[in-house]
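Report on the following structure.
Below, all heavy atoms of this structure are taken into account, side chains as well, without hydrogens, waters or symmetry copies. Indexing begins at 1, ligand by ligand and atom by atom, following the structure's order.
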Amino acid sequence: MTGGSATTQASKIGVVGAGYVGLTTAACLAHLGHQVVCADVDTERVDRLRRGEIPIVEEGLAEIVAATLANGTLTFEVGAARAAVDADVVFLCVPTPQGPDGGADLRYIEGAAAEIADALRPGALVVNKSTVPVGSTRAVEDVLHRPDVAVVSNPEFLREGTAVGDFLHPDRVVIGADDRAAGERLADVYAPLNASVLITDPASAETIKYAANGFLAMKVSFVNAIAAMCEAVGANVDDVVEGIGSDQRIGRSFLKPGPGWGGSCFPKDSKALVKLAADYGYDFTMMKGVIDVNDEQRRRMVGKVRTALGAGPGGGLRGALVAVLGLTFKAGTDDLRDSPSLTMVRSLLASGATVRAFDPTVGDRADGAKAVTLEGIELVGDPFRAARGARVLVIATEWPEFAKLDLAAIASTMADDAVIVDTRNLLDPAAVRAAGLGYDGVGRP
Ligand code: UDX
Ligand code: UDX
């Protein structure tokens with residue numbers, strides 16, 4: 001690990017893909033003083049970005065994009081080749097969705113590499129920032145077929161909702177390069193961050209990404225399994241987490257019990273890790289267990305709602321009205337990808353229940369009104385309208401505003417004998433009960 005140096009040469013940088021990772025990367029590198037061209041295939045997205053409109057909810061991103069558009073260090077283009085022309089360094093930040101066999105689908109990465117191959121100037125550096133299986137650096141080299149261009153791996157560790165902060169204040173920068181000099185050239189680009197930089201080989205860097213996400217997913221699955229045990233033995237998970245989290249070898253982070261992990265990364269990366277290991281002859285039973293516990297956790301949440309409705313495990317829920325607060329996979333983002341909330345809601349709808357939901361980021365139409373439905377879910381404009389007449393209210397995403405709900409007002413608008421199922425342990429159980437509502441959290445008495 002080496003520390004960065006403040007002074008650095010501004011580079012001409014291309015970024016292919018203006019999604020959560022690409023847009024954050026492009027804007028932050030421009031913010032550090034580099035000259036950045038960010039390209040995307042989606043012309044409508046590029047048009048909006050040129051107007052400074054940010055197509056995702058991400059704290060602080062709009063301000064950085066506005067400032068770097070204004071000072072000319074950031075521009076947007078359509079098509080990967082436009083980002084590569086004249087660039088010293090080109091970052092690939094295109095999707096690596098899950099393939100039918102659980103592995104990562106590399107078609108967009110290979111497509112983007114093919115698109116930039118002829119546009120790259122001699123001596124340019126191509127950087128794989130997308131999450132890709134071991135060996136993908138080589139795969140990109142093969143597609144580029146440019147012996148005068150180096151390809152390195154540089155996995156991202158950005159969390160949605162805090163991506164800008166995570167980029168500008170990373171715990172570490174990981175670089176995987178066969179050619180040490182190429183690795184150091186990329187380290188130079190990050191020098192203004194003064195962060196610790198690990199330069200290793202591509203296979204290790206690619207493995208670090210999956211291992212990091214696998215470990216974090218394991219921690220969350222572990223605490224959810226412990227929460228299930230707490231419910232069985234009558235213990236309180238809040239105190240258990242305090243008791244284990246205060247051990248520095250364990251740490252408190254990523255020990256929040258909940259409805260199971262979701263999002264665009266943990267689900268696909270955990271499966272890709274199992275597939276990758278199997279491809280090389282290792283049966284990653286532990287990671288399979290982490291995934292199984294997560295699937296089970298999502299089912300347990302549906303079970304809690306059924307119990308609160310007084311319905312048995314398999315019975316129909318026709319006529320039952322359930323209010324759901326939060327649809328995104330976590331707070332701080334508008335991302336619905338593999339959201340535990342949607343998994344739960346789909347199961348309730350499939351059993352005939354009526355679901356009325358509120359999420360601060362979902363359904364906002366251009367005309368300011370709320371879209372009426374999403375996948376059969378009735379969307380409303382605030383938590384009280386969601387709760388009106390409902391027998392069960394589910395806290396599904398940990399948006400901070402839900403922790404400040406006026407519980408007496410919620411109780412007065414819900415049906416009799418109403419229950420709050422708090423899948424995020426966001427509320428104070430005593431306060432909920434004092435408001436005349438039933439309460440069921442995750443691993444709490
Ligand atoms: C993506 C990957 O999904 C993830 O595995 C990787 O670690 C980082 O990049 P994310 O930024 O969240 O994550 O993806 P997404 O928000 O879907 O954005 C991808 C962008 O790439 C989209 O704007 C899409 O239009 C664009 N794209 C896609 C291209 O520009 N070219 C393509 O060939 C495909
Ligand atoms: C994750 C990794 O954290 C990040 O480093 C990587 O680059 C991309 O994948 P992200 O998908 O944005 O980031 O979400 P994260 O904040 O890690 O949460 C993942 C899931 O775990 C969410 O569904 C979240 O609600 C859940 N979670 C997280 C818990 O249930 N409990 C916790 O204590 C932490």
Identify, for atom 27 (N) of ligand 1, the protein heavy atom at the shortest distance, and state residue, atom and that distance.
-> V41 CG2, 3.7 Å
salt_bridge(E156, K209) N-O dist < 4.0 Å | yes
Per-atom filter on ligand 1: closer than 4.0 angstrom to a heavy atom of R45 are 23 (O)
Inspect the contact between K256 and E398 and indicate whether a charged nitrogen and a carboxylate oxygen are less than 4.0 angstrom apart.
-> no
When distances are taken from atom 3 (O) of ligand 2, the protein heavy atom at minimum range is R159 CG, 3.2 Å
Do R82 and E115 meet the salt-bridge criterion of a basic N to acidic O distance under 4.0 Å?
-> no
State the OG-NZ distance between S341 and K330, to the nearest 0.5 angstrom.
-> 15.5 Å
In terms of atom number and element, which parts of ligand 1 are under 4.0 angstrom from non-hydrogen atoms of T96?
-> 2 (C), 3 (O), 4 (C), 5 (O)
Among protein heavy atoms, which lies nearest atom 32 (C) of ligand 1, and at what distance?
-> V94 CG1, 3.9 Å
Please write down residue, atom name and distance for the protein heavy atom closest to atom 22 (C) of ligand 1.
-> D40 OD2, 3.4 Å
To the nearest 0.1 Å, how far is atom 7 (O) of ligand 1 from its closest protein heavy atom, and which atom is that?
-> T131 OG1, 2.7 Å
Decide whether the shortest distance between a heavy atom of K209 and an atom of ligand 2 is less than 4.0 Å.
-> yes
Name the orientation class of the two ring planes belonging to F402 and F358 (parallel below 30°, tilted from 30 to 60°, perpendicular beyond 60°).
-> perpendicular
Numbered atoms and elements of ligand 2 in range of F329, under 4.0 angstrom, heavy atoms = 11 (O), 12 (O), 14 (O), 22 (C), 23 (O), 25 (O)
Among V220, T423, D166, the residue with a heavy atom nearest to atom 30 (O) of ligand 2 is V220
Nearest-contact summary for atom 12 (O) of ligand 2 - protein heavy atom, Å = E160 N, 2.6 Å
Salt-bridge present (R299, E296; N to O < 4.0 Å) = yes
Taking every non-hydrogen atom, the tightest pair across G214 and L273 = CA-CD2, 4.3 Å
Any N/O pair L158/ligand 2 closer than 3.5 Å = yes
Could you tell me the separation between the OG1 atom of T397 and the CG atom of L426, rounded to the nearest 0.5 Å?
-> 10.0 Å
4.0 Å heavy-atom contact, C265 with ligand 2 = yes
Determine, for K268 against D338, whether the closest basic-nitrogen to carboxylate-oxygen distance falls under 4.0 angstrom.
-> no
Looking only at protein heavy atoms, identify the closest one to atom 33 (O) of ligand 1 and say how far it is in Å.
-> Y108 CD2, 3.7 Å
Are any of the side-chain nitrogens in K304 or D440 under 4.0 Å away from the carboxylate oxygens of its partner?
-> yes
Note: ligand 2 atoms sitting under 4.0 Å from heavy atoms of L255 are 33 (O)
Shortest protein heavy-atom distance from atom 28 (C) of ligand 1, along with the residue and atom involved = P95 CD, 3.3 Å
Ion pair present between D279 and K275, side-chain N to carboxylate O less than 4.0 angstrom?
-> yes
Neighbour count above 12 (heavy atom, 6.0 Å) for F222 CZ | no
Give the atoms of ligand 2, by number and element, whose distance to some non-hydrogen atom of K330 is under 4.0 Å.
-> 10 (P), 12 (O), 14 (O), 15 (P), 16 (O), 25 (O)
Would you say W261 and ligand 2 have an N/O pair spaced under 3.5 Å apart?
-> no
Quick one: nearest non-hydrogen protein atom to atom 8 (C) of ligand 1, plus distance?
-> V21 CG2, 3.4 Å
of all protein heavy atoms, closest to atom 9 (O) of ligand 1 is C93 O, 3.7 Å
In terms of the angle between their ring planes, are F91 and Y190 parallel, tilted or perpendicular, with boundaries placed at 30° and 60°?
-> perpendicular
Top protein contact for atom 1 (C) of ligand 2, by heavy-atom distance = F266 CE1, 3.5 Å
To which protein heavy atom is atom 25 (O) of ligand 2 closest, and what is the distance rounded to 0.1 Å?
-> R424 NH1, 2.9 Å
Among all protein heavy atoms, pick the one closest to atom 31 (N) of ligand 2 and tell me residue, atom and distance.
-> K256 O, 2.9 Å
How does E156 reach ligand 2, by side chain, by backbone, by both or by neither, if only non-hydrogen atoms under 4.0 Å count?
-> both
Value rounded to 0.5 Å, distance of CG in L193 from SG in C28 = 8.5 Å
